[in-house]
Amino acid sequence: MEDAVDFKDSERSAALRQDLRGLVSDAVPETFLGAFTSDPKDLELAQSFCRLLAKKGQLTPAWPVEYGGSASSQWEQTVVREEMWAHFEPRGAQYMGVNWVGPAIMRFGTDIQKAEHLGRIASGDVIWCQGFSEPESGSDLASLRTAAIADGGGWRIEGQKVWTSYATMADWCFLLARTTRGEKKHHGITVFLVPMDRPGIRVVPIKAMVGPHHLNEVFFEGVKVGPEDVLGEVDGGWNIVREALAFERVGIARYARCDRLLNLAPSALGDRWDGLPIELKQRWAAALLHVRQARLLAYRVIEMQETGAVDPADAAAYRIAATTADQEAAEVLMDMLEERAVGAEKPTDLFDRAVDDHWRYAQAATVASGSIEVQRMLLSRSLLRTS
Amino acid sequence: MNTELTEEALEIGRVVHAALTKAGGVDIARAVEGGTAGPDATDILARIGVWELRPRESVDDAEAAAAVCRAAGRVALPVPVAERLSSAPESGYDALAVVGAVPRVNLAAASSDLRWAVIDGAGVRSPVTSIGPMLNTQLGGLVSPVEIGAGEDDLAALPLALTLPCWTLLGMMDSAMAMTRQHLLDRKQFGQPLASFQALQFRLADTATALLGFDELAKYTLWSVVTGQPGALVDAIACRLAAIETAEILFRTGHQMHGAMGFCDEVDLSWLSRHSQPARRLPWGKSQTQARLLDAMTELPFDGLYGQGLVGIVPTATG
Ligand SMILES: Cc1cc2nc3c(=O)[nH]c(=O)nc-3n(C[C@H](O)[C@H](O)[C@H](O)COP(=O)(O)OP(=O)(O)OC[C@H]3O[C@@H](n4cnc5c(N)ncnc54)[C@H](O)[C@@H]3O)c2cc1C
C-alpha cells in the first residue's frame with residue numbers, strides 16, 4: 001500500500017529543526033534583525049554563525065558528500081531555509097552560494113572550478129553576489145549589455161551592473177556579460193566567475209528603504225578575465241542562467257518569517273491585543289491561513305524537486321502566493337502596531353522593530369528575483385499552452 | 001512528508017469522473033433540475049463501490065472519499081456525495097449536513113430515502129424529521145428547509161462533515177478553471193484569441209494560483225481531520241474559509257472571461273456557478289466563517305511552524 005498524505009516533518013527534519021532552533025537561540029541574540037545593518041558586528045555574527053552551521057554539516061545538507069554536503073533530502077534543506085529566514089537569516093549572504101551558485105558550479109564547472117569553489121561555499125567562508133541586472137535590463141534580463149571584449153587570450157569586461165546585493169562584502173561575482181552580439185538576445189551571453197578584488201571593479205552602495213547592503217552599483221572598467229573564469233560554454237550562459245534559477249525555485253522561505261511574526265503578535269502586543277478591532281483579528285487569522293497555503297505550495301514544489309523535475313510554472317505559482325502572503329502579513333502586522341508602526345518607542349521593542357524590518361523588505365518581495373509579473377507570465381504561458 | 005493522495009485514491013477519482021462524464025456530465029444536473037428522469041447517478045456510484053467507503057474509519061477510504069467528492073463536484077452532481085460519505089450508518093444516519101441557525105439542506109429532497117441528520121457548528125447532531133419542498137430558486141434549486149428532532153453531542157463528526165463539501169467545491173472549481181482556459185483559447189476578439197491579452201493572462205495566473213493553494217490546503221486539512229490532529233476542527237473551518245474565498249475568485253474570473261456567454265444555461269459554467277452556491281452560502285457564508293475561525297482559534301491550536309495561533313498565549317488583562 002502506498003503512503004497516505006502526511007504533513008508532519010519526518011523524524012530527521014524534526015530533529016534538525018530542534019537542533020537549529022537550539023543553535024539560533026544560543027548563538028544569535030534576540031536583537032538580531034539580519035546581517036545587513038549599519039553595525040558591522042551583525043555581519044561578523046553571521047559569518048561566524050555560518051561557519052558553525054558548516055561545521056555541523058547544516059549549511060549545505062542537500063549537497064553531495066563529495067562537495068561538502070551530507071546528501072540529505074530537499075526537505076532538510078527546506079528546514080534550514082525556514083529556520084534561518086524566520087530568524088532574520090543569520091546565514092547572512094550565504095543563501096545565494098548555497099542555493100544556486102554552488103549547484104550551478106556542480107553542474108557546469110570544470111574540476112578546477114569545483115575544487116576552488118564548492119568546498120569554500122560549503123564551509124561558509126565565502127560570499128557571492130549576483131551580477132545580472134543592469135540599468136537598462138531588469139525583467140528583460142537577456143537584453144543585458146555589459147560587454148566582454150576579446151583581448152589577447154581572454155576578455156576585458158566593460159559595463160555596469162545594478163541592484164547587486166552584498167556587492168560591498170562579496171568575495172566573488174557570478175557575472176553575466178555579452179561575448180557575442182548575435183541576432184537573438186539570448187545568444188552570446190557568457191557566465192564569468194570573477195573575484196571581486198580584481199582590478200577595475202568598483203562598487204557603489206545605493207541607499208535604500210530595504211536597508212544597507214541590499215542594493216549596489218557595480219562598475220566593470222577594463223576588468224581582465226580569462227577562459228579559466230568562464231563557467232560552462234562561451235556564449236552559452238543563458239542556459240546556465242535558466243538552470244541556475246531552476247535550482248532556486250523555492251528561493252527564500254518568506255512564509256516562515258510571516259508565520260513566526262504573526263504567531264508572536266498576540267503575546268508581543270500584550271494588553272494591546274485585546275483592544276484591537278475584531279475585524280483586524282480576523283484579518284490576522286486569514287493571514288495565518290494564507291501563509292499556511294503558501295507554505296503548502298512550497299512543499300508541493302519541494303516534493304517535485306525530490307521526485308524529479310519542477311515545472312517553472314509550479315514554482316511561479318508558489319512565488320505568487322508566497323510574495324503576496326508576505327505583503328499581506330506585513331500590512332496586518334503594521335496595522336496591529338497602531339501608532340508604533342511609524343517607529344518603535346524604545347530600541348528594546350523588538351517586535352515593533354522586527355515588523356518594521358519585515359514590512360520594508362516585503363515591499364520588494366514582488367520585485368526581487370523576478371517580479372510577480374514575470375511569474376504571472378511564466379504561469380499563464382504554461383496554462384495556455386495548447387500542445 | 002507526503003503531499004500527494006495515494007494512487008488508489010486518484011484512480012477512484014478518475015473512474016468516477018469517467019463514469020459521470022459518460023452519463024452526461026452536467027446534463028445530469030440539468031435533468032434533475034428540469035424534473036426529467038436522467039441517469040441514476042446514485043446507482044452509478046454504487047456500482048463503483050463509493051457507498052462502501054468508510055472515511056471516518058480508514059485514512060485510505062478518506063482519501064478515496066475526497067477524490068470522489070472532487071469528481072462529483074466537477075459535474076455539479078446533484079447527489080449528496082460529501083454528505084453521505086460524512087455519515088455513520090451504524091449510528092443511524094446515512095447522510096450528514098452541517099447547518100446554520102435555520103436548517104436548510106442541499107439535495108435533501110432529491111435523496112429523501114436516506115436517513116438524514118444535521119450537525120451544527122457546536123457539534124450537536126440531530127435527526128431530520130421532515131424534509132420540506134425544494135426551494136426551486138436559481139441559486140438553491142435543490143435546497144430544502146428541514147425540521148429536526150432532539151440533538152446529541154457529536155463534535156467528532158463535525159470536522160469531516162465540513163471538509164468533504166470543500167472537496168466537492170474543489171471539483172467545481174477544477175471545471176470552472178478548465179472551461180475558462182478553453183474559452184480564452186477559443187474566443188477571438190480584436191483579431192486574436194483572448195488568451196493573447198496580458199490582462200487576462202495575469203488574472204488567469206492569479207486565479208490558478210488561488211486554486212493550487214486551495215488544492216494543497218484541502219489535502220492538508222483532510223490529513224489533519226482523518227489523523228485526528230488536535231487542531232482538526234479549526235483546520236476544517238479554515239479550509240471552509242479558503243474554499244469560499246477561492247470559489248469567489250474562480251467563478252468571478254470564469255464569469256468575467258466568458259463574457260455574456262457564461263450566463264447562459266447552455267454553458268456548463270453557468271450551472272456550476274449556480275450549483276456552487278449552496279456549498280458557499282450554507283451553513284455559513286464568508287463573514288460567519290471568518291468569525292467562527294477566530295473563535296475556534298481561541299480554543300484549538302492552529303498549527304504553524306512557530307506557534308498555534310491563539311492557543312498557548314498567556315492571557316492578558318482586558319484593557
Ligand atoms: C531587494 C532587491 C535585491 C536585488 N538583488 C539583485 C541582485 O543581487 N542581483 C541582480 O542582478 N539583481 C538584483 N535585483 C534586481 C531584480 O532582479 C530586478 O529588480 C527585477 O528583475 C526587476 O527589474 P527592474 O527592477 O529593472 O524592473 P523593470 O523590469 O523595469 O520592471 C518594472 C515593473 O514593470 C513590470 N514589467 C516589466 N516588463 C513587463 C512586461 N513585459 N509585462 C508586464 N509587466 C512588466 C515589472 O514586473 C515591474 O513591476 C534585486 C532587486 C531587489 C528589489
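Because only heavy atoms are used, hydrogens play no part in the values below, and waters and symmetry mates are left out as well, while side chains stay in.
At a heavy-atom cut-off of under 4.5 Å, chain B is reached by Glu373(A), Arg376(A), Met377(A), Leu379(A), Ser380(A) from residues 370-380 of chain A, listed in order of number. Close approach to chain A, defined as a heavy atom under 4.5 Å from one of its heavy atoms, is seen in Arg181(B), Leu184(B), Leu185(B) of residues 178-185 of chain B, taken by number. Within residues 13-21 of chain A, the residues approaching chain B closer than 4.5 Å by heavy atoms are, in numerical order, Arg17(A), Arg21(A).
With a 4.5 Å cut-off on non-hydrogen atoms, Leu264(A) does not touch chain B at all. Proximity to chain A is limited to the side chain of Met297(B), based on heavy atoms less than 4.5 angstrom apart. For Asp215(B), no part sits under 4.5 Å from any heavy atom of chain A, backbone or side chain. Residue contact with chain A, scored on non-hydrogen atoms closer than 4.5 Å, is absent for Ala62(B). Contact of Arg319(A) with chain B is not made at all, since no heavy-atom distance falls under 4.5 Å. Heavy-atom distances place both the backbone and the side chain of Leu305(B) under 4.5 Å from chain A. Glu4(B) touches chain A through backbone and side chain together, each having a heavy atom under 4.5 Å away.
For the set Arg381(A), Glu82(A), Glu279(A), Arg283(A), the entry with the most heavy-atom pairs within less than 4.5 Å of chain B is Glu82(A). Note on Leu262(A), Leu383(A), Thr386(A): by heavy-atom pairs under 4.5 Å with chain B, the leading option is Leu383(A). Looking only at heavy-atom pairs under 4.5 Å with chain B, the residue among Gln282(A), Glu303(A), Glu306(A), Arg260(A) that has the most is Glu303(A). Between chain A and the options Ser224(B), Pro193(B), Ala205(B), Ala195(B), the largest number of non-hydrogen pairs under 4.5 Å is found for Ala205(B). Most heavy-atom pairs under 4.5 Å with chain A: of the set Asp206(B), Leu200(B), Val226(B), Leu204(B), this distinction falls to Asp206(B).
Here the closest non-hydrogen pair linking Thr6(B) and Asp3(A) is CG2-O, 3.3 Å. Nearest heavy atoms, Ala317(A) versus Leu212(B): CB-CD1, 3.6 Å. Taking all atoms of both residues into account, the shortest heavy-atom contact from Ala238(B) to Leu289(A) is O-CD2, 3.5 Å. Contact detail for Glu216(B) and Leu296(A): the closest heavy-atom pair is CB-CB, 3.7 Å. Taking each heavy atom of Arg295(A) and Asp303(B) in turn, the nearest pair found is NH2-O, 3.9 Å. Closest approach of Thr3(B) and Tyr299(A) over heavy atoms only: CG2-CB, 4.2 Å.
Applying the ring-ring contact (aromatic ring centres under 6.0 Å, His included) test to Tyr361(A) and every residue at least two apart in sequence or in another chain returns Trp85(A), His214(A).
With rounding to the nearest 0.5 Å, the separation of OH in Tyr318(A) from OG1 in Thr209(B) is 12.5 Å.
Between the Asp259(A) side chain and the Gly304(B) main chain, no donor and acceptor come within less than 3.5 Å of each other. Side-chain atoms of Asp6(A) do not come within 3.5 Å of backbone N or O of Met1(B) as any donor-acceptor pair. Judged by distance alone, the side chain of Asn2(B) and the main-chain N or O of Ala4(A) form a donor-acceptor pair under 3.5 Å.
Side-chain contact between Phe7(A) and Leu222(B): absent, with no pair of heavy atoms (C-beta onward) separated by less than 4.5 Å. Using a 4.5 Å heavy-atom cutoff, the side chains of Gln201(B) and Leu384(A) are in contact.
Sparse packing is recorded around CD of Glu299(B), with 12 or fewer heavy atoms of other residues, nucleotides or ligands lying under 6.0 Å away. More than 12 heavy atoms of other residues, nucleotides or ligands shown are found within 6.0 angstrom of CD on Gln192(B). The environment of Arg12(A) atom CZ is sparse: at most 12 non-hydrogen atoms of other residues, nucleotides or ligands sit within 6.0 angstrom.
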Notebook entry, point to check: How far apart are the C-alpha atoms of Lys8(A) and Gln229(B), what are their side-chain angles, what is the distance that settles it, and do they pass the side chain to side chain contact (heavy atoms under 4.5 Å, CB included) test?
Noted result: CA-CA 11 Å; Lys8(A) 258 224 220 9; Gln229(B) 298 298 309; 3.9 Å; yes

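Taking the ring axis of Phe302(B) as reference, the NZ or CZ atom of Arg292(A) stays within 45° of it and closer than 6.0 Å to the ring centre.
Between Glu83(A) and Tyr306(B), the side chains place a donor N or O and an acceptor N or O closer than 3.5 Å (distance only, hydrogens not considered).
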